[in-house]
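The figures here come from the full heavy-atom set of this structure, side chains too, leaving out hydrogens, waters and symmetry mates.
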Amino acid sequence: METLGHLAHGFSVAFTPVNLMWCLLGTTLGTAIGVLPGLGPALTIALLLPITYQVAPEASFILFAGIYYGAMYGGSTTSILLNTPGESATIVTALEGNRMARSGRGGAALATSAIGSFVAGTLGTLGVAFLAPVVVKFALSFGPAEYFSLMVLAFITVSAVLGSSSVRGLTSLFVGFVIGMIGVDLQTGQPRFTFGMSQLLDGVDVIVVAVGLFAVGETFYMASRRYAGKDEIVPLKGSLYMTAAEWARSWKAWLRGALLGFPIGALPAGGAEIPTFLSYAIEKKLSKHKEEFGTVGAIEGVAGPEAANNASAAGVLVPMLTLGLPTSATAAIMLSAFQSYGINPGPMLFMTQANLVWGLIASLFIANIILVILNLPLIGLWVRLLKIPAPQLYAGILVFATVGTYGISQSPIDLVILYLLGGAGFLMRRFDFPTAPVIIGMILWPLAETQFRRAMTISNGDWSVFYKHPLSLTLLTLAFIGLIGPHIYAFIERRRTRGPEHVPGDA
């Protein structure tokens, strides 16, 4: 009942005309960004971070959450009609969705995708509303040692998940550590990594880093990979309404996808890729129409993964809001927005910023309703966006990034840093180093350093404080398993596939 009371208060915040306008703007922009191949919610939110200096926190996060949810919806359109997944989470949707479109059932594929996204998004948002307060009560028992161990677990798991290898992920994370240490040490007053430049005494603005890596770097990368040919857009045939048989085949897949996506998305090493692939495998196994998979397209292969994708997007908000741990690139950018307001996500956020948290959660319910209305009737409009020339699109992103960054402090140094980081972001994408761990390391390292110092001060310099507390020991053990577990598994798999080695001289 307490949660329902908080949620009712959140709706009173979200239903104000100004916040409804931000929600509508976010969902519309998010859908458009999701439709355009290569662009994603992380890039878009990074571009819009400078508005945090002009508008209230509630408005900013309602806008960002609308973009996040909208991009999840819009990405399916590109996957189904163009066979070009906008993000890794929509790869599975393209497998069956594009085949359905080519066999004249594109309308049904888009319908099951949009309705499944609504069902899963609503269930996932309910999960955020009721699970988050439980996690907060648990997190309030954390001391400095537990918090530091939790940060170590986050560093290891996020770096392993967001990169093609743990070495690349940890390298990106270390770069973030270095950037996070630039400026004056708040405890000793000593400047670190400033190289004698007074402009760096306050550190590097997290918004400049986010926009440089995600907006400028990503734009450089997309432009470098542009090719001369044109993608074939499959024409939309048939009705946008599903038949009774298609409804019967879809609704169970929606529920299964939601039940898979939300808990996995809420894990520190979750994300959206794992539940979407799991959902596809389960639907293929349970389907009575296995012959449609990989041929004419099976509707369950669209319904389940799309539901899992949207439910995991809601799940990602749980660790971010309750523990301050981002588990995706978009969550890392949103965390930097909290930083720009001087707000630290964590257990106390629900008490000190109740209007913000519950207004944000309530706005997600409203966003889901708006997105169903936007996506199905206006599908023709979204398809036309695919005809925007790429050079004009990339130029617009760079202009917007430059103007927005300069508007923060009117400092030319910020622009130099922006494009240096943009070049670094391009090289990282070119050589397959993930960029999200840089933001995560930059934001979380100062917090981890503070908690480490507090733990050592309380224990009078005794390192055993990190393994004498059962919860801290458990978290550090999980981090160690997360670091070496994949390597052990890969070694066992290699031995299993290779078989026993033949020793010369044996019979």
Original post:
Which atom names give the shortest non-hydrogen contact between Y406 and P412, and what distance separates them?
Top reply: CE1-N, 4.3 Å

Original post:
When you look at OH of Y419, are more than 12 heavy atoms from neighbouring residues, nucleotides or ligands closer to it than 6.0 Å?
Top reply: yes

Subject >> Heavy-atom side-chain contact between L471 and F142 under 4.5 Å >> reply: yes

Subject >> Qualifying ring-ring contact (aromatic ring centres under 6.0 Å, His included) pairs with a residue from residues 310-334, counting only residues at least two apart or across chains >> reply: none

Subject >> R192: partners by salt bridge (Lys or Arg N to Asp or Glu O under 4.0 Å), with sequence neighbours left out >> reply: D185, E449

**OP:** First locate atom CD1 of I439, then atom CD of Q339, and finally report the distance between them rounded to the nearest 0.5 Å.
**Re:** 10.5 Å

Original post:
Can you name the closest pair of heavy atoms from G304 and S279 and give their distance?
Top reply: C-OG, 2.9 Å

**OP:** Determine the minimum heavy-atom distance between P41 and A71, stating which atoms define it.
**Re:** CD-CB, 3.7 Å

Subject >> F130 atom CZ, over 12 foreign heavy atoms within 6.0 Å >> reply: yes

Subject >> Residues that R430 engages under salt bridge (Lys or Arg N to Asp or Glu O under 4.0 Å), provided they are two or more places apart >> reply: none

Subject >> T16: partners by side chain to side chain contact (heavy atoms under 4.5 Å, CB included), with sequence neighbours left out >> reply: N19

Original post:
Could you give the distance from CG (L123) to CH2 (W254), rounded to the nearest 0.5 Å?
Top reply: 11.5 Å

Subject >> Under the side chain to side chain donor-acceptor pair (under 3.5 Å) test, residues paired with T122 that sit two or more places apart >> reply: none

Original post:
What residues form a salt bridge (Lys or Arg N to Asp or Glu O under 4.0 Å) with E283, not counting sequence neighbours?
Top reply: R256

Original post:
Between CZ of R453 and CD1 of I458, what distance do you get to the nearest 0.5 Å?
Top reply: 14.5 Å

Original post:
Does the side chain of S172 reach to within under 4.5 Å of the side chain of M428, using non-hydrogen atoms?
Top reply: yes

Original post:
Y73 pairs by side chain to side chain donor-acceptor pair (under 3.5 Å) with which of T31, N368, N310?
Top reply: N368

**OP:** Compare all side-chain heavy atoms of F338 with those of M320 and state whether any distance is below 4.5 angstrom.
**Re:** yes

**OP:** Check V208 against L421 and note the closest heavy-atom contact, atom names and distance.
**Re:** O-CD1, 4.3 Å

Original post:
For the side chain to side chain contact (heavy atoms under 4.5 Å, CB included) test, which of I417, L418, V216 pairs with T405?
Top reply: L418

Subject >> Y341 side chain near S60 side chain, heavy-atom distance below 4.5 Å >> reply: yes

Name each donor-acceptor pair under 3.5 Å that joins a side chain in residues 347-367 to protein atoms two or more places apart or in another chain, with its distance.
from : atom 1 : to   : atom 2 : distance (Å)
T352 : OG1    : M348 : O      : 3.0
N355 : OD1    : H9   : NE2    : 2.5
S363 : OG     : L360 : O      : 2.6

**OP:** Flag the pair Y280 / T93 as yes when at least one side-chain heavy-atom distance between them is below 4.5 Å, and no otherwise.
**Re:** no

Original post:
Hey, does L48 have a side-chain heavy atom less than 4.5 Å from the side chain of I67?
Top reply: yes

Original post:
Partners of F118 by ring pair (Phe, Tyr, Trp, His ring centres under 6.0 Å), sequence neighbours excluded?
Top reply: none

**OP:** Evaluate the criterion side-chain contact (heavy atoms from CB on, under 4.5 Å) for residue pair W445 and V178; output intermediate values, then yes/no.
**Re:** CA-CA 9 Å; W445 172 254; V178 174; over 6 Å; no

Subject >> Shortest non-hydrogen separation from S312 to N309 and the atoms involved >> reply: OG-O, 2.7 Å

Original post:
Which residues satisfy the ring pair (Phe, Tyr, Trp, His ring centres under 6.0 Å) test with F148, sequence neighbours excluded?
Top reply: F452, F466

**OP:** Return the set of residues passing side chain to side chain donor-acceptor pair (under 3.5 Å) with T125 (not counting sequence neighbours), or none when no residue passes.
**Re:** Y69

Subject >> Output field: ring centroids F177/F155 closer than 6.0 Å >> reply: yes

**OP:** Starting at CZ of F400, measure out to OG1 of T44 and round the result to the nearest 0.5 Å.
**Re:** 10.0 Å

**OP:** Kindly determine whether Q190 and V184 satisfy side-chain contact (heavy atoms from CB on, under 4.5 Å), including the steps that lead there.
**Re:** CA-CA 5 Å; Q190 295 296 314; V184 175; over 6 Å; no

Original post:
Considering only heavy atoms from C-beta outward, does the side chain of L371 approach that of S117 to under 4.5 Å?
Top reply: no

**OP:** Over all heavy atoms of both residues, which pair between A455 and A145 is shortest? Give the atoms and the distance, please.
**Re:** CB-N, 3.9 Å

**OP:** Not counting sequence neighbours, which residues clear side chain to side chain donor-acceptor pair (under 3.5 Å) with E146? List them please.
**Re:** H469

Original post:
Taking it one step at a time, do D462 and K468 satisfy side-chain contact (heavy atoms from CB on, under 4.5 Å)?
Top reply: CA-CA 10 Å; D462 185 2; K468 281 185 177 176; 4.2 Å; yes

Subject >> Euclidean distance, R429 CZ relative to T219 OG1, rounded to 0.5 Å >> reply: 11.0 Å

Subject >> Which residues share a side chain to side chain donor-acceptor pair (under 3.5 Å) with T28, sequence neighbours left out >> reply: none

Subject >> Candidate pair S472 and Y147, rule side chain to side chain donor-acceptor pair (under 3.5 Å), full reasoning >> reply: CA-CA 8 Å; S472 176; Y147 257 117; over 6 Å; no

**OP:** Using atom types as modelled and distance alone, determine if a side-chain donor or acceptor of T194 lies under 3.5 Å from a backbone N or O of P191.
**Re:** no

**OP:** Rounded to the nearest 0.5 Å, what's the gap from CG on L150 to CG on L444? Could you check?
**Re:** 9.0 Å

**OP:** Taking the side chain as every heavy atom from C-beta outward, state whether L475 and V152 have any pair of such atoms under 4.5 Å apart.
**Re:** no

Original post:
Between I156 and L478, does a side-chain contact (heavy atoms from CB on, under 4.5 Å) hold up when you go through it step by step?
Top reply: CA-CA 9 Å; I156 298 297; L478 290 173; over 6 Å; no

